[in-house]
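Notes follow once the structure below has been shown.
Whatever order the structure lists them in is the order used to number ligands and atoms, beginning at 1.
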Amino acid sequence: MKNLVINCGSSSVKYQLFDMTTEKVLTQGLVERVGIPGSGIKHTKTGMETLARVVDFPTHKEAVQYVLNLLVDPVYGAIKTFDEITAVGHRIVHGGETLIKPTLVTEKVINELEKIIPLAPLHNPGHLQGIHAIMEILSDVPNVIVMDTAFHQTMPPKAFIYGIDYKYYEENQIRKYGFHGTSHDYVSSRAAEILGKPLKDLKVITCHLGNGSSISAIKDGKCIDTSMGLSPIEGVVMGTRSGDVCPGVLLFLMRQLRDVDLVSNAIQNKGGLLGISGVSSDLRDVELAAEKGNKRAALAQDKLIYGVQKYIGAYTAAMDGVDVIVFTAGIGENGVAFREKVCSKLGFLGVKIDTEKNNCRGKEVIFSTPDSKVTVMVIPTDEELTIARETQKCVEANK
Ligand code: ADP
């Protein structure tokens, strides 16, 4: 059984082919600049050097066709024929309020995804193009969609409603949705598994901190709040995204710049660690610059640490306690100094960490001390594997 996981952006296609028996990745790759001059592909068969080719990909269809051909290539591929592909799982950024669990793709589901486009205009059109391309080329293979927003659909109304006229929720579905759901789901379940306790008996805060970052509160086995919102801009400061800003900032920028795209660029592409530091969107560069005395870099770093501490405090209050804090994604998994700094202000919760155990990167570890009131852990996330597993489950349930 082999499942292909596809993540189609507006101009990119990321893919991984899994052997579902071993759950190992057989091949993976990335197509960039679809529909833009200079498009190309990077493809890696596990155990081999990466193949990089410049290829003209006018649309997602040509890109998907090229990827599929590479999967059956005698040298770079991992399967002999397309028949070996059991199912295709598609990562979908936004499922709105209707697509709330992994779902087999049908005509009706495609219509639903189209209706949700206004909520995710930058992402969902790319996903749909990917689905159409796969359906055309692999017409007999089931497609499953797995939504980033799904895990957060258990949030109560008081967590997801914004303080604006209710008609915008009723008429336009304006509310908090949350993202990175596959990751929050995976690491919270894995934390419970590692601790040998049912997830429903734990109060967990999951910190997914990468280029994009979000923090979630999980109580009774369900997400009750999360830091990202209608869009993946809300929450802690990110690589280039602003995180929480006063809505007045947007009004001010709209009046000054008089152009939605310029405002969007300011808060999504030119903000965050990059905007504050003026150095980089990558925390490693920011940390290095701060060490060398760059004050804005130090401020950017502090802003992120402070933001994570505040969300942990807020979510502890929201859950009336916390048993487990999990760090994941690029910064969460690798930021040794970063994690130590975040935890340095959590003593009031009874958090005590072992700095030697914390000195690790990219592997599962409990780095709180045995007498810490809260278990603090690193759990590397695996969103693609989760999508492959969910795809499998969904296909089997629909047999
Ligand atoms: P994405 O959200 O694009 O999936 P990742 O989860 O890969 O991003 O996270 C990327 C970020 O992880 C980088 O921007 C970098 O700031 C951070 N990172 C990676 N390694 C380290 C490290 N050793 N120390 C601090 N931050 C790190």
Using a 6.0 Å distance limit plus a 45 degree cone around the ring axis, check whether [X] lies over the aromatic ring of [Y].
X    : Y    : result
R339 : F367 : yes
R190 : Y186 : no
R175 : F160 : yes

Output the list of atoms in ligand 1 that are nearer than 4.0 Å to some heavy atom of R361, sorted by atom number.
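Taking each heavy atom of R361 in turn, ligand 1 has 23 (N) under 4.0 Å.
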Is there a side-chain contact between H60 and V31 in this structure, where contact means two heavy atoms from C-beta onward sitting under 4.5 Å apart?
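Not touching, per the 4.5 Å side-chain cut-off.
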Pick from [options]: the one approaching [atom] most closely through a non-hydrogen atom:
atom                    : options                : answer
atom 10 (C) of ligand 1 : L304, N211, T328, V286 : N211
atom 5 (P) of ligand 1  : S281, G332, G330       : G330
atom 20 (N) of ligand 1 : I331, L274, D282, N334 : N334

Give the intermediate values and the outcome of side-chain contact (heavy atoms from CB on, under 4.5 Å) for residues L346 and I312.
CA-CA 9 Å; L346 305 181; I312 290 175; 4.0 Å; yes
Would you mind checking if K393 and E390 are paired as a salt bridge, meaning a charged N to carboxylate O distance below 4.0 Å?
yes
Is there a heavy atom of G212 sitting under 4.0 angstrom from any atom of ligand 1?
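In this structure, G212 qualifies as a contact of ligand 1 - some heavy atom is under 4.0 Å.
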Suppose we measure from atom 19 (C) of ligand 1 to each protein heavy atom; which comes out shortest, and what is that distance?
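Looking only at protein heavy atoms, the one closest to atom 19 (C) of ligand 1 is R284 CZ, 3.5 Å.
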I want to know if ligand 1 touches L283 in the polar sense, i.e. an N/O pair below 3.5 angstrom.
yes
